[in-house]
Amino acid sequence: MRRLARLQLLPLQLALLLAVGSPEAPVSAPRSLAWGPGLQAAVVLPVRYFYLQAVNSEGQNLTCSPPGETLFKVVVKSLSPKELVRIHVPKPLDRNDGTFLVRYRMYETVNEGLKIEILYGNEHVAQSPYILKGPVYHEYCECPEQDPQAWQRTLSCPTKEPQIEEDFASFPNINLLQMLNEVPKRFGDERGAVVHYTILNNHIYRRSLGKYTDFKMFSDEILLSLARKVLLPDLEFYVNLGDWPLEHRKASDIPGPIPIISWCGSLDSRDVILPTYDVTHSTLEAMRGVTNDLLSIQGNTGPSWINKTEKAFFRGRDSREERLQLVQLSKENPQLLDAGITGYFFFQEKEKELGKAKLMGFFDFFKYKYQVNVDGTVAAYRYPYLMLGDSLVLKQDSPYYEHFYVALRPWKHYVPIKRNLSDLLEKIKWAKENDEEAKKIAKEGQLTARDLLQPHRLYCYYYRVLQKYAERQSSKPEIRDGMEHVPQPDDNTSICRCHRKRSSREEL
Ligand SMILES: *[C@@H]1O[C@H](CO)[C@@H](O)[C@H](O)[C@H]1NC(C)=O
Ligand SMILES: *[C@@H]1O[C@H](CO)[C@@H](O)[C@H](O)[C@H]1NC(C)=O
Ligand SMILES: *[C@@H]1O[C@H](CO)[C@@H](O)[C@H](O)[C@H]1NC(C)=O
Ligand SMILES: *[C@@H]1O[C@H](CO)[C@@H](O)[C@H](O)[C@H]1NC(C)=O
């Protein structure tokens, strides 16, 4: 009965959708909107980006893609014909809701400035052309803003980051000598994955305290990237590159907890968390070798809601027992759930019984209306990507969290499921029977994730953690025995003239 009732609604919904983008009220180039950090010269990011909202001639926002091929076109070029620069500008990403995401990556600095033309058909959109007065620096240019406050204002960094406040609440004072004494002993054994960093005068030094520190390439790359953009405080800290958070002492314990910095947090540990290496690397290397990044995913969210397969979906490795249960549930309830394990490592004996599913491109996940998020070893690092799609996320209850979870609420941004999955089928049925509500939660989750996971917000977050940490240090950071300097790239990708200081390159 319910099914029938919903089907009868469909033509009406379709008619409504079509009416918004109807030929009678076509997209108006001048009334359409353009905004975002990529329209400001001073916001230096690996990939610059801004947004477009299609608006019709009556001034109404379109809420789905204009019919036919995307007519938005963006041209980014140097203001001065004398300055030749390479800029990669892929086609605007259609986010399927009347908005578009425009990205561009600069490979050189332009001193005079940039001209950004945004066209719909042959007409200029909003205030196009946008003139970004130079210098406009590229990612590898070392030219830190000397005033961190000014830099944060330029990026419109949020004034509050509740997760950071909470993480530092246990650490009013950071005793660097105590940490120097304790960290190598407690966490620096053979199996250790901790890297000890010192930042002095915006230079980065480090030593590894353990064998499993290859992931320092990720912490190095973001610290170097930050140091190219803004003057960092002097700091001495420890980054845990392993999966699990490390500090399990309670605030009341003696000796008390120490602020180890980790990618993932948990309810029973006190680590200070940063955005995961996955989110970080995907932001830094977007459009340069990383295929699924937090921006590209936004233009690849599959069919519209009404055309998605009405099942919950999961593909992933066997890193947690509940994932195997998920496959079992899927076998018993194929009409509700399509779950498969794509690689066995932890539970190899189960492969015969449960079978191995073919690998599937991430963008194809969004052919399904509901996405199941079950922890891996710790938090599942696919969660940010799932939240950016326009499917409803069914999230397993978990003691693990990443830096942005604190802003997300059950039933508002996602649907919670019990840790043992005992209510999963019930929740999928609920979603099928309450399609409007499910769609609303999916949309709300997507909008919030789009906001929280913007690349410039990632930089804000990192900076804020370093700043909070620096404020609490009770002695001066030092370059310790065994540390080595981590240099900025000095090949020809980094060539630029920095107006804030003479670059070392030019002094040569
Ligand atoms: C139209 O879209 C813009 C950008 O997405 C938004 O800020 C604005 O509030 C929308 N206007 C209406 C009337 O919904
Ligand atoms: C749904 O799919 C049908 C068939 O491919 C297509 O004609 C229709 O435009 C789609 N609807 C939406 C809203 O995308
Ligand atoms: C699943 O966990 C809930 C608590 O969240 C518990 O009440 C229930 O008995 C568990 N179910 C199974 C099958 O273990
Ligand atoms: C940078 O160096 C590489 C090889 O060393 C060369 O192929 C490339 O053309 C150079 N680029 C510039 C802008 O000089």
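Whatever order the structure lists ligands and atoms in, that order sets their numbers, starting from 1. These numbers come from the heavy atoms of this one structure, side chains and all, not from hydrogens, waters or symmetry mates. Keep in mind it's a predicted model, so treat the numbers as computed, not measured.
- Checking only distances, T99 never comes within under 3.5 Å of ligand 1, N or O to N or O.
- W244 has its side chain out of reach of W263: every pair of non-hydrogen atoms, C-beta onward, lies at least 4.5 Å apart.
- Atom NE2 of H281 and atom CD1 of I222 lie 11.5 Å apart (nearest 0.5 Å).
- Nearest to atom 14 (O) of ligand 1 among the protein's heavy atoms is N61 ND2, 3.4 Å.
- When heavy-atom distances to ligand 1 are checked against a 4.0 Å cut-off, V55 has no atom that comes that close, whether in backbone or side chain.
- Per-atom contact check: atom 9 (O) of ligand 1 does not touch the protein, criterion being a heavy-atom distance below 4.0 Å.
- With sequence neighbours excluded, the residues satisfying salt bridge (Lys or Arg N to Asp or Glu O under 4.0 Å) with K367 are D364.
- Close approach to N307 involves these atoms of ligand 2, each under 4.0 Å from a residue heavy atom: 1 (C), 2 (O), 3 (C), 8 (C), 10 (C), 11 (N), 12 (C), 14 (O).
- No hydrogens or angles considered: a donor-acceptor pair under 3.5 Å links the side chains of W305 and D435.
- Every atom of ligand 1 with a heavy atom of L33 under 4.0 Å away is listed here by number and element: 3 (C).
- Using a 4.0 Å cut-off to heavy atoms of Q53, the atoms of ligand 1 that qualify are 2 (O), 4 (C), 5 (O).
- By the 4.5 Å heavy-atom criterion applied to side chains, Q371 and F366 are counted as neighbours.
- At least one heavy atom of W35 sits less than 4.0 Å from an atom of ligand 1.
- The only member of R419, R323, K395 that meets salt bridge (Lys or Arg N to Asp or Glu O under 4.0 Å) when paired with D375 is R419.
- Closest to atom 11 (N) of ligand 3 among all protein heavy atoms lies N420 ND2, 2.9 Å.
- Listed by atom number, the atoms of ligand 3 under 4.0 Å from K418 heavy atoms are 3 (C), 5 (O).
- At a threshold of 4.0 Å, the pair K429-E426 does not count as salt-bridged, since none of the basic side-chain nitrogens sits closer than that to a carboxylate oxygen.
- Counting protein heavy atoms under 4.0 angstrom from atom 2 (O) of ligand 3 gives one or more.
- Using a 3.5 Å distance cut-off with no hydrogens or angles, the side chains of K443 and Q446 do pair a donor with an acceptor.
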